[in-house]
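See below for the structure under consideration.
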Amino acid sequence: MSVLVTGGAGFIGAHMALALIDRGESVVVLDNLSTGVRANIPSSAVFVPGDIGDSQVLKGLFAAYPIDAITHFAASTVVPDSVRDPLSYYLNNTVNTRNLIAAAVEARVRHFVFSSTAAVYGAPAGPLVSETAPTDPISPYGASKLMSERILRDASAAHDLGVAILRYFNVAGADPQARAGQSTPRATHLIKICVEAALGRRDGVDIYGEDYPTPDGTGVRDYIHVSDLIDAHLAALDSLRAGAPNLLYNCGYGRGHSVREVIDAINRVAGTSLPVRMRPRREGDAAAVVADASAIRADLGWTPRFDDLDIIVRHALAWERRAGRDRF
Ligand code: UDP
């Protein structure tokens, strides 16, 4: 059997494809290369260029390969962009995901692991967000993912499709061997921006808001290393294949770091002193979003290997140096 990795040319999808191949699985990558990079796709994966919104491509793919599981990463992922252009986000993230689910049901795919997000919680009321916290997205991005969760749950109840929903907090870092990392050309995520600045590819870092109700006034997030996130996917997939009922887990470490703490970590690891500029708050941003991730640890035995901001930053920096050699 094969695993379909949608968005396998993107940051997280490429790590998933690598991890599956590392453990001997057959992988088919579907990616439209809108933000993904061809070179990120491992050479031993089958690459099908195309869009999850294209039913003909999906039909051909499911007819050609024996797919038992889908890990669905293909999506638009930038919160502020979703505020500016919500309809594109609802099309790509919700409508097209519905299309993928329909094709999967038609092709009798048994397992579906879905990349969801902490943005479904909106502005959380408490310091730690558990899976039972109310979902109330404050951005179209979060809403587009929450709707997909609902469609998946309903499809699972009506059809023979096991579903694992993983709500990611802030994914960062890179493959420890620097085989993959974040390649997005116009990065908006904080750690990527900081490592670009540390390597002189930006003239500094903007801090969006210093008047949040957080210890130093800047936004607090739970940064999770991409390899730990991928381990969570493998555990969820194994659990579904072993016959577990549907799963829903937060993926984070349960500890938050402020924007200033991230910038300090970069300066520590890279030996820089990055110039910072204060900017107004960014639309759609919450003050603090930190996971209560105890459920996935308890249920699936997930144990993070890289729960350390300096390691995350070091791996991101190593990848950026390597990627830079190809691009600059
Ligand atoms: N942020 C920032 N400057 C940047 C990018 C991000 O101050 O150049 C802040 C942002 O306001 C948030 C945190 O860093 O508090 C993480 O933002 P990111 O875009 O990385 O992820 P998000 O939490 O929006 O998914």
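Ligands are counted one by one from 1 in listed order, and the atoms in each one are counted from 1 as well. Computed from a predicted structure; not experimentally measured.
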Walk me through whether Arg150 and Asp154 qualify under salt bridge (charged side-chain N to carboxylate O under 4.0 Å, His left out).
CA-CA 6 Å; Arg150 179 60 201 249; Asp154 290 344; 3.1 Å; yes
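- Listed by atom number, the atoms of ligand 1 under 4.0 Å from Ile193 heavy atoms are 8 (O).
- Ranked by closest heavy atom to atom 12 (C) of ligand 1, the top entry among Arg221, Arg281, Arg260 is Arg221.
- Heavy atoms of Asp285 found under 4.0 angstrom from ligand 1 belong exclusively to the side chain.
- Interface of Thr188 with ligand 1, defined as ligand atoms under 4.0 Å from a residue heavy atom, comprises 5 (C), 19 (O).
- A donor-acceptor pair shorter than 3.5 Å can be found between the side chains of Tyr121 and Asn250.
- The two atoms that bring Ser26 and Met1 nearest to each other are CB-O, 3.9 Å, heavy atoms only.
- Nearest to atom 7 (O) of ligand 1 among the protein's heavy atoms is Tyr208 N, 2.9 Å.
- The distance from ligand 1 to the heavy atoms of Asn170 drops below 4.0 Å at these ligand atoms: 16 (C), 21 (O), 22 (P), 23 (O), 25 (O).
- Within ligand 1, counting atoms from 1 as listed, the ones closer than 4.0 Å to a heavy atom of Gly219 are 15 (O).
- Atom 20 (O) of ligand 1 has as its closest protein heavy atom Leu190 N, 2.7 Å.
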In sequence, state the C-alpha distance, the side-chain angles, and the governing distance for Tyr223 and His189, and then conclude on ring-ring contact (aromatic ring centres under 6.0 Å, His included).
CA-CA 11 Å; Tyr223 295 92; His189 290 301; 9.5 Å; no
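- Cation-pi check for Arg281 over Tyr212 is met; the charged atom lies under 6.0 angstrom from the ring centroid and within 45 degrees of its normal.
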Lys145 and Ser115: side-chain contact (heavy atoms from CB on, under 4.5 Å), yes or no, with the steps?
CA-CA 8 Å; Lys145 287 283 187 173; Ser115 305; 4.2 Å; yes
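- Other residues, nucleotides and ligands contribute over 12 non-hydrogen atoms within 6.0 Å of the CZ atom of Arg305.
- Each of the following atoms of ligand 1 lies closer than 4.0 Å to a heavy atom of Ile207: 7 (O).
- Contacts with ligand 1 closer than 4.0 Å are made by side-chain heavy atoms of Tyr223 only, the backbone lying farther away.
- Asp299 and Tyr249 share a side-chain donor-acceptor pair at under 3.5 Å.
- The protein heavy-atom contact nearest to atom 9 (C) of ligand 1 is Val259 CG2, 3.6 Å.
- By the criterion of a heavy-atom distance under 4.0 Å, the side chain of Arg282, and not its backbone, is placed next to ligand 1.
- Taking every heavy atom of Asp206 and a limit of under 4.0 angstrom, the matching atoms of ligand 1 come to 2 (C), 3 (N), 4 (C), 7 (O), 8 (O).
- Within a 6.0 Å sphere centred on CZ of Arg277, other residues, nucleotides and ligands contribute more than 12 heavy atoms.
- Using a 4.0 Å cutoff on heavy atoms, Tyr168 does not count as a contact of ligand 1.
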